[in-house]
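This report concerns only the one structure given below.
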Amino acid sequence: MRLLDHRWAGVARGVGTAKILGRVHSVQLKLADLHLPCAITIMEGQDVDLLFGLDMLKAHQACIDLAKNALRIQGREVQFLSEHELPEKARREATGEPPEASAGSSSSATPARPQSFPGGGNTLGAPPGGQPARSPAPAAQSRHSEEHIRILMDLGASRDVAIRSLDAAGGNIDVAASLLF
C-alpha cells in the first residue's frame, strides 16, 4: 500500500462512523469508455466498494438523472444497474435477507469457499455478465491546441485523457492539469 497517503487518516462521520486509512491521490477511474482522473479515500471495513463523492461528481460535471436512471458525465449516459443485475450481496442487503450462515459451528468437513473480491475487476458502466465493453471510437481531431495537449501528455496523460481533461475543463489548461492529479 505504498500509494496510500497516511496523512489523510482519520474518522469519517456521517450517518455512521468509519476509520479512514488514507488517500490515493492519483487514480484513473474507468467509467464506460471514459478514464476519469480522481483521488480515492480508503476506508476500513466498509461493505460498499466505491462511493462517488460530491467533489468528484462536481469535478467531472456529472449529473445523476433519476428520470433516465443514469449518470450523465462528459456527454455520456451510464445506466444504473437494475435490481437483477446487482451482485448477490447487494440484492440480499436491498431485500433485508440475512447473510449466508457461516460453517464455523458445523461439523461438516467441507472447507469454506474463499471469498472473492466483490469488484471482480469489472468496469463501471460495462455491460453486465462479463461481456466486454465496446471499444471506443478512434480519437477524432481535437478542437484544443496541440501545445495544450502536449503539455498534459508531458504530465503523464495519454492523448485521449489529455483531450477529455481539456474538454471537461472548458479548454482551461490549468484546470485540465489539476484534473489529472
Side-chain angles (χ1 to χ4, degrees), residues 12 14-15 18 23-43 46-96 116-146 148-153 155-181:
V15 174
R23 186 176 190 126
V24 179
H25 294 285
S26 181
V27 176
Q28 277 198 358
L29 177 66
K30 185 173 182 191
L31 182 68
D33 65 334
L34 296 171
H35 293 272
L36 305 171
C38 62
I40 295 179
T41 301
I42 309 295
M43 298 172 63
Q46 297 300 306
D47 290 331
V48 178
D49 295 329
L50 179 69
L51 291 176
F52 288 129
L54 187 57
D55 56 343
M56 187 268 201
L57 294 171
K58 280 182 171 181
H60 296 289
Q61 300 172 353
C63 178
I64 298 171
D65 189 335
L66 297 176
K68 292 184 177 180
N69 200 31
L71 175 68
R72 284 195 323 253
I73 187 164
Q74 294 185 6
R76 290 165 184 80
E77 285 189 359
V78 178
Q79 294 295 314
F80 297 135
L81 295 176
S82 59
E83 191 168 332
H84 75 277
E85 295 173 313
L86 293 174
E88 184 179 332
K89 176 183 167 189
R91 280 196 307 268
R92 279 196 315 265
E93 289 172 359
T95 60
S116 64
F117 178 69
N122 295 331
T123 301
L124 296 173
Q131 300 169 0
R134 292 181 289 122
S135 59
Q141 191 67 347
S142 172
R143 60 188 168 105
H144 304 290
S145 75
E146 284 300 316
H148 286 174
I149 294 170
R150 175 59 47 203
I151 289 170
L152 295 177
M153 289 175 68
L155 292 173
S158 67
R159 179 177 178 79
D160 188 46
V161 170
I163 291 170
R164 290 178 188 194
S165 295
L166 285 165
D167 288 342
N172 184 322
I173 184 71
D174 295 325
V175 173
S178 71
L179 289 175
L180 296 176
F181 303 98

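All of these numbers come straight from a predicted model, not from anything done at the bench. Numbers here simply count residues along the sequence, with the first being 1.
In plain terms, the two heavy atoms of Ala162 and Ala157 that are nearest each other are N-CB, 4.2 Å. When all heavy atoms of Ser165 and Pro37 are compared, the pair lying nearest together is OG-CG, 4.5 Å. Annotation for Lys68 and Gln79: closest pair O-OE1, 3.2 Å, computed over non-hydrogen atoms.
For the ring-ring contact (aromatic ring centres under 6.0 Å, His included) test, residues two or more places apart in sequence or in another chain that qualify with His25 are Trp8.
Within the model, atoms CE of Met43 and CZ of Arg23 stand 12.5 Å from one another, a figure rounded to the nearest 0.5 Å. For the atom pair CG (Leu50) and SG (Cys38), the distance works out to 8.0 Å, reported to the nearest 0.5 Å. Considering NE2 of His60 and CG of Leu36, their distance stands at 4.5 Å, rounded to 0.5 Å. Considering CD of Glu146 and CZ of Arg159, their distance stands at 4.0 Å, rounded to 0.5 Å. Atom CG of residue Asp174 and atom CG of residue Leu179 lie 11.0 Å apart, to the nearest 0.5 angstrom. To the nearest 0.5 angstrom, Met56 atom CE is 5.0 Å from Leu29 atom CG.
Put simply, the side chain of His144 never gets that close to the backbone of Arg164: no donor and acceptor are under 3.5 Å apart.
In this structure, Leu71 and Leu31 have side chains that are in contact, with non-hydrogen atoms separated by less than 4.5 Å.
Screening Leu166, Val161, Asp167 against Ile163 for a side chain to side chain contact (heavy atoms under 4.5 Å, CB included) leaves a single residue, Asp167.
At most 12 heavy atoms of other shown residues, nucleotides or ligands fall within 6.0 angstrom of atom CD1 in Ile64.
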